[in-house]
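As structure tokens, the structure follows; a few thoughts come after it.
What you are looking at is a predicted structure, and each value in this text was computed from that prediction instead of being measured. Here is the naming used below: chain letters follow the sequence lines, and residue numbers restart at 1 for every chain.
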Protein chains: 2
Amino acid sequence: MAGTKDRIVGTTGELFRRQGYTGTGLKQIVAEAGAPFGSIYHFFPGGKQQLAAEVIRTSGRAYQQLVEAILDQAPDAVTAVETGFAAAAETLVATGYADACPIATVALEVASTDETLREATADVFAAWVDSGATRFERWGFGPADARRLAIVLITSLEGAFVLCRAARSTEALTAAASAVTAAVRAAQAGVSSPEER
Amino acid sequence: MAGTKDRIVGTTGELFRRQGYTGTGLKQIVAEAGAPFGSIYHFFPGGKQQLAAEVIRTSGRAYQQLVEAILDQAPDAVTAVETGFAAAAETLVATGYADACPIATVALEVASTDETLREATADVFAAWVDSGATRFERWGFGPADARRLAIVLITSLEGAFVLCRAARSTEALTAAASAVTAAVRAAQAGVSSPEER
DNA sequence: GTCTATAATACGATAGAC
DNA sequence: GTCTATCGTATTATAGAC
């Protein structure tokens, strides 16, 4: 089965991840999705922008669930972080450094050019932060630390993706993971400033 | 003065930072640079790709010197990190969340679509890492830790830029800074893996 | 070298037959 | 609801006058 609309959203998500928003044409989308051109404007009367908004939210939700599945298997925060970054590195290599964050490229493109789509990316990131914070709280951190660590986790992952895709190397993911675990351990020790040791 | 070529490169850099590579047209570039259209192909026979390659390397070098100037004023690594992230946040707010990393958007766009430009972005990031590593060595870290911390610094900055520009908030930069300082302090303590405590 | 006009093509979007 | 043909307008790139 797989309805035409879902097929359009799915392939658009893959194309956005590799080529970005402005770099992906509607013609290419329908060609790769095996859909007639008119279907886009039938399902998305708002055109490319409306399609993009739905793609951002859909792929953002899917990626969140993927990461949650990995994090929820880990017994503690440090293990979760290490497993998550290792999985990200594996995916990156397996896809020829193409499949990293599904919305980062689009997020940077639209941040200063399209307010509607910027809000869509902001909503996705906010949901990711909430999801991560919930898990850090489960692992015993207070609300403030949990939120901060969730942001650290996501920013480190996003930044590493940028360097890894450019350099075609996973080194940045390894380095970033070490910083996140350092931040986690510092919070576990109850200090976000130095002192003891 | 300011030669036509330099003016084209400069405005292209500003446009790339806000709109990305595919989102910026050559017509818009010459219009904003106050240059005739033909000048682009006079100075850059290779067209948009050659112009982009030069813009990536030029703006990458400029941003590196800007960051180095900030880092070199700090007495120690932690102060340098904190000052650097604070400066980035100030710039971000002052420019309406437009001026973050000059090449990140382009780097993600071309990573899987243009091998020539991907290499240009990779070279820039590599130079940044070397520059940062040199400074961490100056602050007393061994070569391996220095390189790792430099990568941590850059990835954290890049990732925070993504979230900050999307959310129009500097919270991610603050959180990211705390992780970098945690990583720096962990390296200072001589442990990058757990054990003692 | 500077600048303009234009070619060839791709874009997003629309109209309308089926 | 599916599909095609097409409309304007963008794009990159080129040719050629000055």
With a 4.0 Å cut-off on heavy atoms, is [X] in touch with a base, just the backbone sugar-phosphate, or nothing at all?
X: A:Thr22; result: nothing
X: A:Phe44; result: nothing
X: A:Gly38; result: base

Atom-to-atom span, [atom1] of [X] to [atom2] of [N] - whole angstrom:
X: A:Ile29; N: C:dA13; atom1: CD1; atom2: P; value: 11 Å
X: A:Leu117; N: C:dG12; atom1: CG; atom2: C1'; value: 14 Å
X: B:His42; N: D:dA17; atom1: NE2; atom2: P; value: 18 Å
X: B:Gln50; N: D:dT12; atom1: CD; atom2: P; value: 15 Å
X: A:Ile40; N: D:dT4; atom1: CD1; atom2: P; value: 14 Å

- Message: Quick check on DNA chain D: between A:Lys27 and A:Gly34, whose nearest nucleotide comes earlier from the 5' end?
- Response: A:Gly34

- Item | A:Gln64 side chain to A:Glu68 side chain, donor-acceptor N/O pair below 3.5 angstrom | yes

- Message: Is it the case that the side chains of B:Thr105 and B:Arg17 hold a donor-acceptor pair, with the cut-off being a distance below 3.5 Å and no angle test?
- Response: no

- Item | Cationic N near anionic O, under 4.0 Å, B:Lys5 to B:Glu54 | yes

- Message: If the threshold is 4.0 Å, N to carboxylate O, is there a salt bridge linking A:Glu171 and B:Arg148?
- Response: no

- Item | Short side-chain N/O contact to C:dT14 OP1/OP2 from A:Tyr41, under 4.0 Å | no

Ignoring the backbone of [X], work out which of [options] is nearest its side chain.
X: B:Pro36; options: C:dC3, D:dT4, D:dT12; value: C:dC3
X: A:Leu26; options: C:dA13, D:dA13, C:dT4; value: C:dA13
X: A:Phe37; options: D:dT2, C:dT4, D:dA5; value: D:dA5

